[in-house]
Amino acid sequence: MLPPRRPLPRRFFARDTVTVARELVGCTLWAAAGGRTCAGRIVESEAYLDERDPASHAARGRTERNAVMFGPAAVVYVYLIYGLHYCLNLVTEAEGRAGAVLVRALEPLVGLESMRERCGSARDAGLCAGPGRLCRALGIDLAWNGLPLGDRTSRPVQPDRDVRVWVAAGRAPARLAAGPRVGIRHAAARPFRFCDADSASLSRRPVAEGF
DNA sequence: GAACCGATTGCCT
DNA sequence: GGCAATCGGTTCG
């Protein structure tokens, strides 16, 4: 049985970033590239705020890289990390206030053949377990930055390449875990990471503390 | 400008 | 568990 496909409205994203991050767990992320459509259930997310959040790219104001975080909600923010991986974020909040949710892991649902092809050897449950792996599995790169969410709002990234990405409803987790964000030093205590505690596709296990 | 480090991953011991 | 890969933003001189 196929997962829900109808896109969530922009107003879902134009809210408090922590609320959006929490409610995204269980939703379905769709991504189409080069005529191949993939989807997965979001099982792990993290909230990144504005100047109030030292761990956020927006902590020190607007730059060329983080500009989309300050724009309208329901837009994709993609950036290069460690010089070799991409991270997918979904912009939140009203226009003018920075905010985004990092999508850290998916349970693969649709297009597993394409994911396997892009990722090489990995168990199916681990194809999208981690922000970098997820982008690789779905074919997401810097060219997607600034793309509005939607199943019709495609953008010809290159003459022969057309991409689209959106989020649909899904199956809410039975046990939603919250805890500190992964791999950050500043504001490390804030419980801005959310995940489905029972998923086999997390980037890492929830730590006992705070769950 | 140079040095340092990051919202990561995969391969090494 | 340790560490290299590899680039851009930030900080410091």
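Atom set for the values below is all heavy atoms of this structure, side chains included, hydrogens, waters and symmetry mates excluded.
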For the pair made of [atom1] in [X] and [atom2] in [N], what is the distance, rounded to whole Å?
{"X": "A:I81", "N": "C:dT10", "atom1": "CD1", "atom2": "P", "value": "12 Å"}
{"X": "A:N66", "N": "C:dG9", "atom1": "CG", "atom2": "C1'", "value": "10 Å"}
{"X": "A:L80", "N": "C:dC7", "atom1": "CG", "atom2": "C1'", "value": "6 Å"}
{"X": "A:R204", "N": "B:dT9", "atom1": "CZ", "atom2": "C1'", "value": "11 Å"}
{"X": "A:R62", "N": "C:dG9", "atom1": "CZ", "atom2": "P", "value": "15 Å"}
{"X": "A:Y86", "N": "B:dA7", "atom1": "OH", "atom2": "C1'", "value": "16 Å"}
{"X": "A:E46", "N": "B:dG6", "atom1": "CD", "atom2": "C1'", "value": "14 Å"}
{"X": "A:R133", "N": "B:dC11", "atom1": "CZ", "atom2": "C1'", "value": "12 Å"}

Does A:R104 have a side-chain nitrogen or oxygen under 4.0 Å from the phosphate oxygens OP1 or OP2 of B:dT8?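 Looking at the OP1 and OP2 atoms of B:dT8, one of them is under 4.0 Å from a side-chain N or O of A:R104.
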
I want to check one thing: is the phosphate of C:dT10, taken as OP1 and OP2, less than 4.0 Å away from some side-chain N or O of A:R65?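 No, A:R65 has no side-chain N/O under 4.0 Å of OP1/OP2 on C:dT10.
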
Given the C1' atoms of C:dG1 and B:dA7, what is the spacing between them in whole Å?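 So the two C1' atoms sit 22 Å from each other.
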
Between B:dG10 and C:dG8, how far is it from one C1' atom to the other, in whole Å?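 22 Å, rounded to whole Å.
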
Less than 6.0 Å separating the ring centroids of A:Y48 and A:H57?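 A:Y48 vs A:H57: aromatic centres not under 6.0 Å.
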
Answer yes if the side chains of A:R41 and A:T28 hold a donor-acceptor pair under 3.5 Å, and no otherwise.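 No, no side-chain donor-acceptor pair sits under 3.5 Å.
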
Would A:S199 and A:D196 count as having a side-chain donor-acceptor pair, cut-off 3.5 Å?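 Their side chains do not contain a donor-acceptor pair, so the 3.5 Å distance test is not met.
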
Assigned partner base of C:dG8, Watson-Crick or wobble definition, under 3.5 Å: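 Here C:dG8 is engaged in a pair, and the nucleotide opposite it is B:dC5.
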
If pairing requires Watson-Crick or G-U wobble contacts with both distances under 3.5 Å, which nucleotide is the partner of B:dC11?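 With both distances under 3.5 Å, B:dC11 matches C:dG2.
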
Remember a base hit wins even if backbone is also touched, and classify A:T63 as base, sugar-phosphate or nothing at under 4.0 Å, heavy atoms.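 The answer is sugar-phosphate, as A:T63 gets under 4.0 Å only of primed atoms, P, OP1 or OP2.
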
Can A:Y82 be called stacked on B:dG6 when the rule is centres closer than 5.5 Å and an angle between planes below 30°?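 According to the criterion (under 5.5 Å, under 30°), no, A:Y82 does not stack.
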
Counting side-chain heavy atoms from C-beta on, which of [options] comes nearest to [X]?
{"X": "A:R136", "options": "C:dC7, B:dA7, B:dG10", "result": "B:dG10"}
{"X": "A:L84", "options": "C:dA5, B:dA7, C:dC7", "result": "C:dA5"}
{"X": "A:H85", "options": "C:dT6, B:dT9, B:dA7", "result": "B:dT9"}

Could you check whether A:R5 makes a cation-pi contact with A:W30, meaning its NZ or CZ is under 6.0 Å from the centre of the six-membered ring and within 45° of the ring axis?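 Cation-pi check for A:R5 and A:W30: passes.
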
5'-most by nearest nucleotide on DNA chain B - A:R185 or A:G132: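 The 5'-side residue here is A:R185.
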
Taking all atoms of both residues into account, what is the closest heavy-atom pair of A:C38 and A:G111, and its distance?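 Closest heavy-atom pair between A:C38 and A:G111: SG-O, 3.6 Å.
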
